[in-house]
Amino acid sequence: MSSDNDPAGGQSGSSEGGIGLNKVIIGFLVVLGVGTAAWAGGWFYFRGNVRDMLDAEEERIATAGGTVTYESRIIGGFPLSYEVEYAKPVISLPGGEVEITAPWMRGTATAFDTGAVELAFPEEMTISVTPAGASDAIDFAVTSTGLTSVARLATDGGTEHTITASSLEIAQQTPAEIRDGLMQAEDFQLDASVSADQTNVSGKIAASTMNIAYAVEPGLMAELVPGQSSAGAGSSQTRSSTEAFKADFAVDMPEEETLASFMRGSSSLSLSVSMDSSVSEGTSATLLGPVGFNVEAGPSASLYSVEDGVAEVNGRVSDFTYDLDFSETNFGTESAGFTGKGIEARIAVPLAMREEAQEFSIGLQFSDLELDDALWQMIDPDDVLPRDPAELAFDLSGMGRWTQEPATFAATPPEPGSTPLQLETLSLGMFDLKLAGAALSAKGSATMDYSQPSPFPEGSVAVTLTGFDDLTGRLGEIGLLSPQELALVRGLASAYTQPGTEPDTLESSIEMRGGAVLINGLPLQ
């Protein structure tokens, strides 16, 4: 018989407890081992899927007309991700116009988020672009720090892409004899969404700073437009720097279409750009010789679009300064410039011939434009003319059609005396100019009837001129108009204008009808 404190009894209890704990540990290890084996099996199973997906993508690019070559392709990343590394890849995109060469490329997808793939790029790689019809490629050297791309499947079946880099530089290298270019960006980010059928791309671009530099050699114009000559010797160089650069873009293009679809109106695009400030400087080759320039501006924004076959550009710039350097010319002054509160511009031009008429338009507005003393001293050293800020605004629009495809102008310039643009209507919404104390304004419209052998406009223009006598008198005082020229100018004004209701104001009504021009009701002789 044993008691409660029998040593043998106590050892027996401890042994049974130890065996139970060991069973738990062994069971846990078995479960862990089975789970690990299952995870490993699953990882290797899906590794095969990854390999098949890569093979299918490479085959798709080849079928579309591109190629993907490399020294080796390794799929790793066990156990928590899939990592694909290409050694010395060369990717030629469909069409053969773009080729990407790099020492390596690496893609990563985590096992927990197979819908997203991250691509890492080397610090240096090359993109070669061979424009259609060209024999030589243009090489772009891409240098970056932390350049990565994340692609993710979207809920609608498309893909979403984010490209980031703490620094990014793209340098155009060839053909150097024509032009060179350089783009640098800090804190660069590109977000883009691609539709499931790959016919729509939209997104945003942002950078804390964006710098662009390029040079144009004298022979470039002759290369682009046969028969044209350069404006002067030496290259034209421009360097621009912007702060807080932002851009939004959207492109709609049907499948298997080319850029011609934009001209036909079956595709559309839009690009809006804004920045907090910008600085541009450089040298332009002119007939006078090399002229340097420096432009500084505050906030600015622009919109570029192609819709229904019409290209449109809208832009505005605030608080700008424009300085010119004539020190290497015989212009008469070493420097000159002007400042202004704002510039707004707009232009709309159809890109191709159409049976129906389309809108053409152009508009421009300068606000508070002030010339610097160097320019005033050249024309008015004694301060005779008022130096109030100048204003200019005009808006011209019309409906018409091209009689020759604009895309052929470079290869086949319009014949002398021909009319490549046939306007049906023309409207001068406004023309307002204020300068040196005088003001000129005009407004009118006209139509063209091409059913006649000799088309002639039908319409009218109203013109008002304020401060004419005062301005011409001051021009005579400083010698810009001789007494004979002053008398001639005032005589012509009295013949073709009539006094307005306000002091020193002239008005004129110009009418075009029946093949004749009437000024204030009298035929123009």
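- Contact record, Ala446 with Met512: CB-CE, 4.4 Å, taken as the closest heavy-atom pair.
- Interatomic distance, His161 NE2 to Leu119 CG, rounded to the nearest 0.5 Å: 9.5 Å.
- Looking at heavy atoms from C-beta onward, Phe431 lies out of side-chain contact with Val463 at the 4.5 angstrom threshold.
- In this structure the side chain of Leu433 never reaches within 4.5 angstrom of the side chain of Phe394, judged on heavy atoms.
- Here the OG atom belonging to Ser367 is positioned 9.5 Å from the CG atom belonging to Leu392, to the nearest 0.5 angstrom.
- Looking at Ser166, its side chain does come within 3.5 Å of a backbone N or O of Thr145 through a donor-acceptor pair.
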Test side-chain contact (heavy atoms from CB on, under 4.5 Å) applied to Phe360 and Val310, step by step: CA-CA 9 Å; Phe360 293 75; Val310 177; over 6 Å; no
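- If you check the side chains of Thr148 and Thr164, you find a donor sitting under 3.5 Å from an acceptor.
- In the displayed structure, Glu359 atom CD is contacted under 6.0 Å by more than 12 heavy atoms of other residues, nucleotides or ligands.
- Atoms OG and CG, on Ser427 and Asp395 in that order, are 7.5 Å from each other to the nearest 0.5 Å.
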Candidate pair Asp368 and Glu391, rule side-chain contact (heavy atoms from CB on, under 4.5 Å), full reasoning: CA-CA 6 Å; Asp368 291 336; Glu391 303 277 346; 3.0 Å; yes
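- A heavy-atom distance below 4.5 Å is found between the side chains of Thr126 and Ser128.
- Counting non-hydrogen atoms of neighbouring residues, nucleotides and ligands closer than 6.0 angstrom, the CD atom of Glu405 exceeds 12 such neighbours.
- In this structure the side chain of Lys443 never reaches within 4.5 angstrom of the side chain of Leu428, judged on heavy atoms.
- With a 4.5 Å cut-off on side-chain heavy atoms, Phe338 and Asp372 do not count as touching.
- Applying the ring pair (Phe, Tyr, Trp, His ring centres under 6.0 Å) criterion to Phe245, with sequence neighbours excluded, gives no partner residue.
- Around OH of Tyr304, the count of heavy atoms belonging to other residues, nucleotides or ligands within 6.0 Å does not exceed 12.
- Side chain of Thr425 to main chain of Met399: a donor-acceptor pair is present (N/O by atom type, distance under 3.5 Å, no hydrogens or angles).
- Ring planes of Phe320 and Phe366: perpendicular class, angle over 60° (limits at 30 and 60°).
- Around the CD atom of Glu307, the shell of radius 6.0 Å holds no more than 12 heavy atoms that belong to other residues, nucleotides or ligands.
- When all heavy atoms of Thr101 and Met125 are compared, the pair lying nearest together is O-CB, 3.3 Å.
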Verdict with reasoning, Thr339 to Thr321, per side-chain hydrogen bond (donor to acceptor under 3.5 Å, both in side chains): CA-CA 4 Å; Thr339 63; Thr321 301; 5.7 Å; no
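- Here OG of Ser300 is found 9.0 Å from CG of Asp276. Values are rounded to the nearest 0.5 Å.
- Side chain to side chain, Ser240 and Ser280 meet the donor-acceptor criterion of an N or O pair below 3.5 Å.
- Residues Asp323 and Glu296 fail the side-chain proximity criterion, which asks for heavy atoms closer than 4.5 Å.
- Side-chain atoms of Thr242 come within 3.5 Å of backbone atoms of Met210 as a donor-acceptor pair (strictly under, hydrogens ignored).
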Residues Ile163, Leu147; criterion side-chain contact (heavy atoms from CB on, under 4.5 Å); working and verdict: CA-CA 7 Å; Ile163 299 175; Leu147 178 60; 3.7 Å; yes
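- Side chain of Trp402 to main chain of Pro350: a donor-acceptor pair is present (N/O by atom type, distance under 3.5 Å, no hydrogens or angles).
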Evaluation steps, side-chain contact (heavy atoms from CB on, under 4.5 Å), between Phe249 and Leu190: CA-CA 11 Å; Phe249 61 90; Leu190 165 64; 3.6 Å; yes
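- Using a 4.0 Å cut-off between a side-chain N of Lys or Arg and a carboxylate O of Asp or Glu, Glu458 and Arg513 do not qualify as a salt bridge.
- Atoms CD and OG1, on Glu186 and Thr209 in that order, are 4.5 Å from each other to the nearest 0.5 Å.
- Under a 4.0 Å N-O distance rule, the pair Arg401/Glu424 qualifies as a salt bridge.
- Environment of CD in Glu355: sparse, with no more than 12 heavy atoms of neighbouring residues, nucleotides or ligands closer than 6.0 Å.
- For the pair Arg346 and Glu312, the minimum side-chain heavy-atom distance is below 4.5 Å.
- The two residues Leu168 and Ser144 make their nearest non-hydrogen contact at CD1-CB, 4.0 Å.
- Contact annotation: the side chain of Ile91 never approaches that of Glu99 to less than 4.5 Å [non-hydrogen atoms, C-beta and beyond].
- Shown here for Trp104 and Ala120, the closest heavy-atom pair between the two residues is CZ3-O, 3.4 Å.
- Counting all heavy atoms, side chain and backbone alike, Asp248 lies closest to Lys204 at OD1-CG, 3.0 Å.
- In this structure, OG1 on Thr283 lies 6.5 Å from CZ on Arg239, to the nearest 0.5 angstrom.
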